[in-house]
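Quick note on labels: first sequence line is chain A, next is B, and so on, each numbered from 1.
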Amino acid sequence: MTDIKIDIDNGESAVMPTATTVGEALSELLSNKQRKRTVAVTVAGETLDLGTPLNTDSSLSLIQIGSDESLEILRHSTAHVMAEAVREIYGKDVKVAIGPSIENGFYYDFECKEPFKPEDFEKIEAKMTEIVRKALPFTRTEMCSDDAIKHFDDLGENYKVELIRDLGEDTVSLYQQGSFTDLCRGPHLPNTSWIKAFKLQRVAGAYWRGDEKNAMLQRIYGTAFFDKKALRKHLNTLEEAKKRDHRKLGKELQLFTMQDEIGPGLILWQPKGALLRKLIEDYWKDAHYRNDYELLYTPHIARQDLWKTSGHLDFYAENMYSGMDIDDVRYQLKPMNCPFHIGIYNSNKRSYREFPIRWCELGTVYRYERAGALHGLLRVRGFTQDDAHIFCTPEQLENEIFNILDLNLEILKTFGFDQYDIYLSTRPEKSVGTDENWEQSTEALKLALEKKGLSFELDPGEGVFYGPKIDIKIKDQLGRSWQCSTIQVDFNLPERFKMSYTGSDNKEHQPIMIHRALMGSLERFIGVLIEHYAGVFPLWFAPVQARIMNITDAQAEYCEEVYMKLRKAGIRIEKDLRNEKLNYKIREAQMEKVPYMLIIGDKEKDSGTVTVRLRNGKNIADMSIDDFATKVADECLEGRGI
RNA sequence: GCCCAUAUAGCUCAGAUGGUAGAGCGCAUCCUUGGUAAGGAUGAGGUCAACGGUUCAAUUCCGUUUAUGGGCUCCA
């Protein structure tokens, strides 16, 4: 038997016999403490569990508790334990389908006669705890596919059989712990006792392999951690997220509402929400003016012929509402603004000297969304995109993308988002446009991202059929991701609408068209903003900036005076002159998250000042009314990044 | 669209083996004039989501519809 050399990424190395397992090697090379933290290793890019024998010289990278990979392995193993528990409890009444780890947890899909109820969780969790306590090892075996198919077929596990058939491999790997064996690539924990903290969270229907033509399975979601504290922290974050839910806060703060009589997915903006939206729109228009855009307004409906020309009736019909007849001509609601902007483009003959043309519009569109997809402000049927279209020459493309990214990040930063994930999506299988077009534009997007110093992930084949795109997912204060910004190059519409410009060579050329939305839609963006700030909006776009409250009726007149003065100064001010105690008024304003409370008693009345109370409970000593107005105005400018 | 759950006062929620309902907050009126997170009293608010069925009787049981929530799928 020959020996092999094993080294690990902390510098230790040893020569050991062939077929030494990873775990044995680690026992040799690591301190007890380190070993107990090591969940698995990577060797030459492959993740191996501790039971894997090593047959050649190997360099091991440790996957230790605390890393994302370690959590993935833990959760995957916990999914297996849950499947074992479910099988133990329900026996042949359930079939197992598939159970991976996902962001923040894991799930396992089951086919069963009776859907699971949250009450069943206790039973399953108790069984899981039993399995964990037994410290059952996860053991891996390789089996030829035919044998594996027979094995699962005998058990009646037709989903596993289908998976193995589709894999089309000669051999597959199986993992067993206790009474449960699963088709699985691994890796897994050494044994079940490594699972220190887990919780089953909810049950939901899910199609087998995500295809709605397939059977509906029962999916149980759960999560797991290496210690109870981390689990508790995670559950707290979920609680916090619940408190920040924009649907809840939207109701409490009276920002928006939806009603059965009006229809699902249609938003009614209440006065405070409408004001919030107006402030955001004003900022947006201003930022676009500063960045050399021009503002457009376009109608909400157009002749059906327009949507034939644009191709929307061919490839977007299922998202469009049925038409209406006006004077015997068919019209349809717009699902997009682009054809209208193109109409304006085509209203004149264009020269390269006008380029780049940057046109923006807060364009309200209507799209059919499946009933089950609707969600608060985040997914609605009528919404306003912060849309813009840029028309330019191929040479200008990279610079225009750079400018868009610049404006995009500026706007996101102004609203308190400075963490994001960026994706560059390339040509899909079904697409229009020449190879040259695709290559040049994809390259331009890439160069612009690099020039801006932004790291991004490539999303191969995920572009839209008409061109490559950049998507930006912003991260909120709880670390959750939201897709808002999108920047897309379009080779399709310029062709369909026969757009052209006269170049310096006095010949006609087709312009490059860029679609982009930075906030995505005002509805979604405001929904995300509500959750990001938990309703505690920065002064510059808080719908109410200050509320005046008197201590007794004796100051009512002076309060009215202050109120009018500040209102005229442009401060978004309210007054609370009710016959209530100060405590009561403060509590109410605090719960409504009003940034400044102006408290007025005899003292202030006599000196012609106001006492300012902040949302954090602190006071600013008396200040004059003018000083307060200046302070608010200054803070707003600062907030808007001007 | 599909699976599961839910729908009671403006809001948050109780409620009865089937006999037309209650609390707190909010709202109105009155007392109270109180300096930094809820002073007190009285009162007005409900076709118990809609429609149909079973029943002497349905808010309660059954069915359908609508909406909402958790997911699948899709997306700004």
Nucleotide by nucleotide, nucleotides 69-76 of chain B touches protein heavy atoms under 4.0 Å in the pattern (B base, S sugar-phosphate only, - none) SBBBBBBB

Round to a whole Å and report the spacing from NZ of A:Lys581 to P of B:A37.
13 Å

Taking only the P atom of each, what is the distance from B:C11 to B:G71 in whole angstrom?
24 Å

With a 3.5 angstrom cut-off on both distances, give the Watson-Crick or G-U wobble partner of B:A67, or none if there isn't one.
B:U6

Tell me the salt bridge (charged side-chain N to carboxylate O under 4.0 Å, His left out) pairs involving residues 372-385 of chain A, sequence neighbours left out?
A:Glu369-A:Arg379

Whole-Å distance between B:G10 C1' and A:Gln259 CD?
11 Å

Taking B:G1 as the reference, what is the distance to B:A16 when you measure between their C1' atoms (whole Å, please)?
38 Å

With side-chain hydrogen bond (donor to acceptor under 3.5 Å, both in side chains) as the criterion, how do A:Thr298 and A:Glu361 come out once you've worked through the C-alpha distance, each side chain's angles and the decisive distance to 0.1 Å?
CA-CA 8 Å; A:Thr298 64; A:Glu361 177 184 11; 3.0 Å; yes

Short side-chain N/O contact to B:U12 OP1/OP2 from A:Lys251, under 4.0 Å:
yes

Taking B:A23 as the reference, what is the distance to B:G45 when you measure between their C1' atoms (whole Å, please)?
14 Å

Are OP1 or OP2 of B:G26 and a side-chain N or O of A:Tyr584 less than 4.0 angstrom apart?
yes

What is the distance, to the nearest angstrom, from the CD atom on A:Glu252 to the P atom on B:C11?
12 Å

Scan every strand shown for a Watson-Crick or G-U wobble partner of B:A37, both distances under 3.5 Å, and answer none if you come up empty.
none

To the nearest Å, give me how far apart CD (A:Glu580) and P (B:A37) are.
15 Å

What orientation do A:His80 and A:Tyr108 show, parallel under 30°, tilted 30 to 60°, or perpendicular over 60°?
perpendicular

B:G26 to B:G39 separation - P atoms, rounded to the nearest Å:
9 Å

Under a 3.5 Å limit for both distances, which nucleotide forms a Watson-Crick or G-U wobble pair with B:A16, could you say?
none

Note: for A:Met591 and A:Ala371 on RNA chain B, the residue whose nearest nucleotide lies more 5' is A:Ala371

Distance, rounded to the nearest Å, where A:Arg578 contributes CZ and B:U29 contributes P:
12 Å

If you only use heavy atoms from C-beta on, which nucleotide in B:A37, B:G1, B:U33 is closest to the side chain of A:Thr552?
B:U33

Atom pair distance, as rounded to whole Å: CD in A:Glu111 and P in B:C3
15 Å

Ion pair A:Lys243/A:Glu252, N-O distance below 4.0 Å:
no

Over 60° means perpendicular and under 30° means parallel, so tell me whether A:His312 and A:Tyr316 are parallel, tilted or perpendicular.
perpendicular

Give none if B:G1 has no partner; otherwise give the nucleotide forming a Watson-Crick or G-U wobble pair with it, both distances under 3.5 Å.
B:C72

Take atom CD of A:Gln254 and atom C1' of B:G10, then tell me their distance rounded to the nearest Å.
9 Å

Heavy-atom nearest nucleotide on RNA chain B taken for A:Ile586 and for A:Leu217; more 5' hit belongs to A:Leu217

To check you understand the geometry: which heavy-atom pair defines the closest contact between A:Glu523 and A:Gly382, and what is its length?
OE2-O, 4.1 Å

What I want to check is whether an N or O donor and acceptor connect the side chain of A:Asp553 with the base of B:U33 at under 3.5 Å.
yes

Considering every strand shown, what is the Watson-Crick or G-U wobble mate of B:A58 when both distances are under 3.5 Å?
none

Check the distance between B:C2's P and A:Gln218's CD and give it to me in whole angstrom.
16 Å

On a whole-Å scale, what distance lies between the C1' atoms belonging to B:C56 and B:G18?
12 Å

Is there a Watson-Crick or G-U wobble partner for B:U42 with both distances under 3.5 Å, and if so, which one is it?
B:A28

Distance flag, aromatic centroids of A:Tyr366 and A:Phe383, threshold under 6.0 Å:
no

What pair of heavy atoms forms the shortest contact from A:Gly323 to A:Gln332, and how long is it?
CA-CG, 3.6 Å

Hey, does the side-chain of A:Asn619 have a donor or acceptor N/O within less than 3.5 Å of a partner on the base of B:U36?
yes

Quick check: any donor-acceptor pair below 3.5 Å linking the side-chain of A:Glu318 to the base of B:G1?
no

Which value, in whole Å, describes the distance between the P atoms of nucleotides B:U68 and B:C30?
42 Å

Centre of A:Tyr107's six-membered ring, under 6.0 Å away, within 45 degrees of the axis: is that where NZ or CZ of A:Arg219 sits?
yes

